[in-house]
Amino acid sequence: MSAVPSNRGAEPPLAEDAERYEVAILDGAAVKRAMTSAAPSAVYSATDQIADFGTLRSTVTVRVAQLGALGRGTYRDAVL
């Protein structure tokens, strides 16, 4: 029996030259802050929260889309 290499935990291959995401911080329908990230994560600091909302937030609504050679992918919203 031959062993088959496992790729569990490995990142799936991308069809893009680079990984990029657009992240929007929302206040209702209004975008309070827009940023991009070269990783599937982003940091929304306490300083930025206070600058945008006047206080720290217990939850934040974000809208994320992957950016690619053909443009922006479908947005997904989440409350974090």
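Along the sequence shown, residues are numbered consecutively beginning with 1.
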Note to self: Treating Q66 as the side-chain partner and G73 as the backbone partner, does any N or O pair qualify as donor plus acceptor under 3.5 Å?
What the structure shows: no
Note to self: Clusters formed by hydrophobic residues whose side-chain heavy atoms approach within less than 4.5 Å: which one holds V43, and what are its other members?
What the structure shows: none
Notebook entry, point to check: Other hydrophobic cluster members with L56, side-chain heavy atoms of Ile/Leu/Val/Met/Phe/Trp/Tyr under 4.5 Å, chained?
Noted result: I50
Next item on the list: Sort and list the pairs that fulfil salt bridge (Lys or Arg N to Asp or Glu O under 4.0 Å) and have at least one residue in residues 38-47, not counting sequence neighbours.
Entry: none
Checklist line | Qualifying side chain to side chain donor-acceptor pair (under 3.5 Å) pairs with a residue from residues 29-42, counting only residues at least two apart or across chains | finding: R33-D52
Checklist line | With sequence neighbours excluded, residues passing salt bridge (charged side-chain N to carboxylate O under 4.0 Å, His left out) with D27 | finding: none
Notebook entry, point to check: What pairs with R72 under salt bridge (charged side-chain N to carboxylate O under 4.0 Å, His left out), at least two apart in sequence or on another chain?
Noted result: E22
Notebook entry, point to check: What is the minimum heavy-atom distance between A39 and Y21, and which atoms define it?
Noted result: O-CD1, 3.2 Å
Margin query: Looking at every heavy atom in both V23 and A42, which two are closest together, and how far apart are they?
Written below: CG2-CB, 4.3 Å
Next item on the list: Give a yes or no on whether M35 and V62 share a hydrophobic cluster (residues Ile, Leu, Val, Met, Phe, Trp, Tyr; joining criterion: side-chain heavy atoms under 4.5 Å apart).
Entry: yes
Note to self: Given I25, which partner from the list V60, D48, V31 fulfils the side-chain contact (heavy atoms from CB on, under 4.5 Å) test?
What the structure shows: V60
